[in-house]
Structure formats: structure tokens, C-alpha cells
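The structure under discussion appears below in the form of C-alpha cells.
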Amino acid sequence: RSTLFPYTTLFRSSIPCARDGHLSSLIYNKYMVIYAGLNEKDEVVGDLYLLDIEKKKWIECEIEGNISSNNDGQSCCLVNDIMYLFGGQGSGDDEDDEYSNELYTLKFNIDDNYKPKAIISAVEITGNRRPKERASPSCVAYKDQYLIIAGGEGKKKEPLNDIWIFDLNNKCYIEVEINGEEIIEGR
């Protein structure tokens with residue numbers, strides 16, 4: 001048993017189903033968030049759970065708001081305890097699968113009575129420039145003002161090799177120009 005991290009046993013409670021392609025992050029330096037993904041039957045799930053790390057307990061979180069069903073392979077990052085969700089794909093077969101380039105916020109309201117609520121909202125984008133629809137891109141926050149979105153998988157499993165910056169203050173995308181002697185195609 002680790003003395004640095006003594007949480008090797010969780011209390012049985014409302015436990016999320018097994019899944020992959022889900023989002024995960026840490027909020028309020030106390031809760032691990034698990035959202036969406038595909039279950040064992042390859043069906044898209046849209047539920048949200050919090051793991052209270054201190055109390056070793058899973059909590060199912062009520063979701064308010066709408067999000068597309070393309071939430072397998074979304075990416076996320078955290079800015080000031082607000083999760084930003086980008087992209088994703090649905091649960092269709094490879095040829096007809098739907099991909100997304102939508103950006104959402106996920107804000108949490110957690111009280112002491114363990115009745116947490118997550119509010120999902122679409123981010124209004126200014127301008128017409130935006131990344132292609134995709135699943136599984138990388139997404140990181142920079143200086144709490146920018147989201148950097150890179151690569152991923154486009155329609156028909158097309159590998160993408162572009163980089164976009166989303167300015168959180170101006171609500172617009174900026175495509176990063178990639179120069180160099182040799183540009184490597186898709187990751």
C-alpha cells in the first residue's frame with residue numbers, strides 16, 4: 001500500500017460502467033470527472049460521474065443542457081474549473097460515422113449534499129473559421145486564455161495534422177501555419 005496515495009480501495013457506490021473513448025479530468029482538486037465514451041457493447045454513453053478522491057466514492061452527476069451524441073473520442077481541457085469539450089464521433093459504422101467540431105463548456109455545481117449538477121453549453125464561435133470535424137484530437141489550455149487543438153482523426157479515419165488555437169476571450173479560432181523543410185502527413 002502506497003503511503004503517498006493511500007486510496008487503493010473504493011467504497012461500493014454508484015459505479016460507472018466500463019468504457020473507453022471517455023473524457024476525464026480533475027476539478028476543484030478533489031473530484032475526478034468521467035464523462036461519455038463507449039460502453040462494452042460499443043454504444044455511446046452520455047452519463048457523467050465524479051469520483052470524490054477524499055471520500056473514495058463515485059457520485060452520478062445530473063446533466064443539464066444538450067450536447068450532440070458525437071461524444072466518443074472528444075477531447076477536453078480545464079480552464080478555471082470549467083471543462084472545455086471539443087470534437088468527437090458518434091456510434092455509427094466506420095463509413096457513416098458522424099464527427100463533430102463543436103466546442104462546449106461543462107460547468108459544475110457541487111453542494112455538500114452530494115447532488116452535483118453539470119451544466120453543458122455550446123460555445124458561440126465568432127467568425128467562420130473552425131477546425132474540421134474530428135475525434136481524438138489533443139487539446140491543452142495555455143495561460144487560461146487559449147485552447148490548442150491538434151491532430152486527431154477525421155471522417156473515414158483520415159489522420160489530421162493541423163493545429164488550431166481557440167481564443168477564449170474573443171471566441172474565435174486561429175489556424176496555425178506549419179512551415180518547415182518537411183511536413184509530416186497525419187499522425
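Nothing fancy with the numbering, it's 1 onward along the sequence.
- Atom NZ of K55 and atom OH of Y31 lie 7.0 Å apart (nearest 0.5 Å).
- Scanning both residues, C76 and S24, for their nearest heavy atoms gives SG-O, 3.8 Å.
- Ion pairing between a basic and an acidic side chain is recognised when a charged N comes within 4.0 Å of a carboxylate O; D81 and K30 show no such pairing.
- Closest non-hydrogen pair, K132 versus L160, comes out as CD-CD2, 4.1 Å.
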Audit row: V176, I148, side-chain contact (heavy atoms from CB on, under 4.5 Å) steps and yes/no: CA-CA 10 Å; V176 175; I148 301 172; over 6 Å; no
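- Annotation: the span from L50 atom CG to Y28 atom OH amounts to 9.5 Å, rounded to 0.5 Å.
- The pair R134-E153 fails the salt-bridge criterion, with no side-chain N (NZ, NE, NH1 or NH2) lying under 4.0 Å from an Asp/Glu carboxylate O.
- In this view, K117 and E64 satisfy the salt bridge (charged side-chain N to carboxylate O under 4.0 Å, His left out) rule, not counting sequence neighbours.
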Full working for side-chain contact (heavy atoms from CB on, under 4.5 Å) between R130 and E102: CA-CA 9 Å; R130 55 176 66 201; E102 298 298 320; 4.0 Å; yes
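- A donor-acceptor pair is defined here as one N or O able to donate and one able to accept, closer than 3.5 Å; such a pair exists between the side chain of R19 and the backbone of A36.
- Within 6.0 Å of CG on D144 lie more than 12 heavy atoms contributed by other residues, nucleotides or ligands.
- Within 6.0 Å of the CG atom in N169, the count of heavy atoms belonging to other residues, nucleotides or ligands exceeds 12.
- Closest of all the heavy-atom pairs between C139 and S75 is CB-OG, 3.4 Å.
- Following chains of ILVMFWY side-chain contacts shorter than 4.5 Å, one cannot reach I119 starting from Y104, and the two form parts of different hydrophobic clusters.
- Between E98 and K155 no salt bridge is recorded (no basic side-chain N to carboxylate O distance below 4.0 Å).
- Residue Y35 holds its OH atom at 6.5 Å from CG of L85, rounded to the nearest 0.5 Å.
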Under the criterion side-chain contact (heavy atoms from CB on, under 4.5 Å), I'd like the reasoning laid out for R129 against C172: C-alpha separation, chi angles, the key distance, then a yes or no. CA-CA 8 Å; R129 299 180 55 88; C172 66; over 6 Å; no
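- Note that CD1 of I163 is 4.5 Å distant from CD1 of I178, once rounded to the nearest 0.5 Å.
- When the side chains of ILVMFWY residues are joined at heavy-atom separations under 4.5 Å, either directly or via intervening members, L78 and V123 end up in two distinct hydrophobic clusters.
- The shortest non-hydrogen separation linking P137 to G73 is CD-O, 3.9 Å.
- Using a 4.5 Å cut-off on side-chain heavy atoms (C-beta onward), Y49 and I59 make no contact.
- Within the 4.5 Å cutoff, no side-chain heavy atoms of D52 are placed close to those of W58.
- Partners of F166 by ring-ring contact (aromatic ring centres under 6.0 Å, His included), not counting sequence neighbours, listed by chain and number: Y173.
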Would Y84 and T105 count as a side-chain contact (heavy atoms from CB on, under 4.5 Å) here? Give the steps. CA-CA 5 Å; Y84 287 86; T105 59; 3.4 Å; yes
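- To the nearest 0.5 Å, the span separating CG on N39 from SG on C17 amounts to 5.5 Å.
- Considering every non-hydrogen atom in both L23 and Q74, the closest pair reads CD2-O, 3.0 Å.
- V140 and I149 fall into different hydrophobic clusters, where Ile, Leu, Val, Met, Phe, Trp and Tyr are joined by side-chain heavy atoms under 4.5 Å apart, directly or via other members.
- Contact check for L147 versus L168: side-chain heavy atoms found under the 4.5 Å cut-off.
- Atom CE of M83 sits about 9.5 Å away from atom CD1 of I120, to the nearest 0.5 Å.
- Clustering ILVMFWY residues whenever any of their side-chain heavy atoms sit less than 4.5 angstrom apart, transitively, puts F86 in a cluster other than the one holding I165.
- Residues L48 and I27 share a single hydrophobic cluster, defined by chaining ILVMFWY side chains whose heavy atoms lie under 4.5 Å apart.
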